[in-house]
Amino acid sequence: MEINIAENIKTVELLKVEILQKVTDLFGDISAEADGETYARIADDAANLINLIYIIASRLGVSYEDIEDRIREKLADGVREQHIIERKFGDLSKLLAVLGEGPIGYEKY
């Protein structure tokens, strides 16, 4: 993919600001008193951040497929290395399963 960074500078700067705004939104919603809409707001914040990260990486020449491959690799590495979050909660395996990869190192029953 050919990319001209100069043409993307304004877009990248805009995305950086939006990412910071969405991180602020997420932290605010995490700190807020829980109500019926808290989980929906946190899910929206997370989705917005993920989308913006994909788009900014794309503007910098990284394909969506490369990002997805790296996500899976990082998760699989964390499972194999028994990252503390994996050991305590199994979150990395759960996310791998959601992304279409079976749990690494675990037998299915």
Side-chain angles (χ1 to χ4, degrees):
M1 173 179 174
E2 189 174 318
I3 191 161
N4 183 336
I5 297 293
E7 290 179 10
N8 288 316
I9 287 176
K10 278 190 172 184
T11 303
V12 168
E13 291 302 315
L14 171 69
L15 290 166
K16 287 168 38 180
V17 170
E18 284 191 47
I19 288 168
L20 291 173
Q21 289 170 334
K22 297 304 176 189
V23 168
T24 301
D25 292 345
L26 176 63
F27 287 174
D29 288 335
I30 289 170
S31 300
E33 184 174 329
D35 61 24
E37 296 179 13
T38 301
Y39 296 110
R41 284 194 310 271
I42 290 171
D44 284 346
D45 295 338
N48 285 330
L49 274 167
I50 291 165
N51 288 340
L52 288 168
I53 300 279
Y54 271 70
I55 293 166
I56 199 168
S58 174
R59 293 281 100 214
L60 296 170
V62 180
S63 75
Y64 299 137
E65 294 80 12
D66 285 345
I67 297 168
E68 298 249 329
D69 289 344
R70 296 290 175 100
I71 289 170
R72 287 184 184 89
E73 288 172 16
K74 298 291 183 186
L75 290 169
D77 289 347
V79 171
R80 275 191 297 278
E81 295 166 6
Q82 287 294 291
H83 185 281
I84 190 167
I85 297 299
E86 179 62 21
R87 282 195 319 267
K88 287 184 162 246
F89 309 106
D91 288 348
L92 306 180
S93 295
K94 290 174 191 172
L95 184 51
L96 267 175
V98 168
L99 295 174
E101 299 287 325
I104 306 295
Y106 295 99
E107 293 182 25
K108 292 185 179 178
Y109 297 99

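We count residues from 1, following the sequence as given.
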Q: Does this structure show an ion pair linking Arg72 with Glu68, if we count only N-O contacts that are shorter than 4.0 Å?
A: yes
Q: Indicate yes or no: does Glu13 engage Lys16 in a salt bridge with an N to O separation below 4.0 Å.
A: yes
Q: Are Lys74 and Asp77 close enough for a salt bridge, meaning some N to O gap below 4.0 Å?
A: no
Q: Hey, what do you get for CZ (Arg59) to CD1 (Ile9), rounding to the nearest 0.5 Å?
A: 12.5 Å
Q: Are Val17 and Gln21 close enough that some pair of their side-chain heavy atoms sits under 4.5 Å apart?
A: yes
Q: Quick one: CG on Leu26 to CG on Leu49, what's the gap to the nearest 0.5 Å?
A: 6.0 Å
Q: Taking side chain as C-beta onward, heavy atoms only, is Leu75 less than 4.5 Å from Arg80?
A: no
Q: Please check this pair: side chain of Asp66 against backbone of Val62, looking for a donor-acceptor N/O pair closer than 3.5 Å.
A: no
Q: Any idea which heavy atoms bring Tyr64 and Tyr54 closest together, and the distance?
A: CE2-O, 3.4 Å
Q: Please round to the nearest 0.5 Å and tell me the distance separating atom CD1 of Ile19 and atom CG of Asn51.
A: 10.5 Å
Q: Verify the cluster assignment for Val12 and Ile53: are they in a single hydrophobic cluster under the rule of side-chain heavy atoms below 4.5 Å apart?
A: yes
Q: Closest approach of Ile67 and Ala57, non-hydrogen atoms and distance?
A: CD1-CB, 3.5 Å
Q: Show your reasoning for whether salt bridge (Lys or Arg N to Asp or Glu O under 4.0 Å) applies to Asp44 and Lys22.
A: CA-CA 10 Å; Asp44 284 346; Lys22 297 304 176 189; over 6 Å; no
Q: Measuring from atom CD of Glu86 to atom NZ of Lys94, what distance do you get when rounded to the nearest 0.5 angstrom?
A: 8.5 Å
Q: Of the non-hydrogen atoms in Arg87 and Gln82, which two are nearest, and what is the gap between them?
A: NH1-O, 2.6 Å
Q: CD1 of Ile71 to CG of Leu96: how many Å apart, nearest 0.5 Å?
A: 10.5 Å
Q: Nearest 0.5 Å please: distance from the OG atom of Ser93 over to the CD1 atom of Ile85.
A: 12.5 Å
Q: Could you report the tightest heavy-atom contact between Asp29 and Thr38, atom names first, then the distance?
A: O-CG2, 3.9 Å
Q: Are Leu60 and Leu14 connected in the hydrophobic side-chain network, where two residues link if heavy atoms are under 4.5 Å apart?
A: no
Q: Quickly, which of Asp25, Ile50, Thr24, Val23 forms a side chain to side chain contact (heavy atoms under 4.5 Å, CB included) with Asp45? Name it, please.
A: Asp25
Q: So if you build clusters from Ile, Leu, Val, Met, Phe, Trp, Tyr with side-chain heavy-atom gaps below 4.5 Å, do Phe27 and Tyr39 land together?
A: no
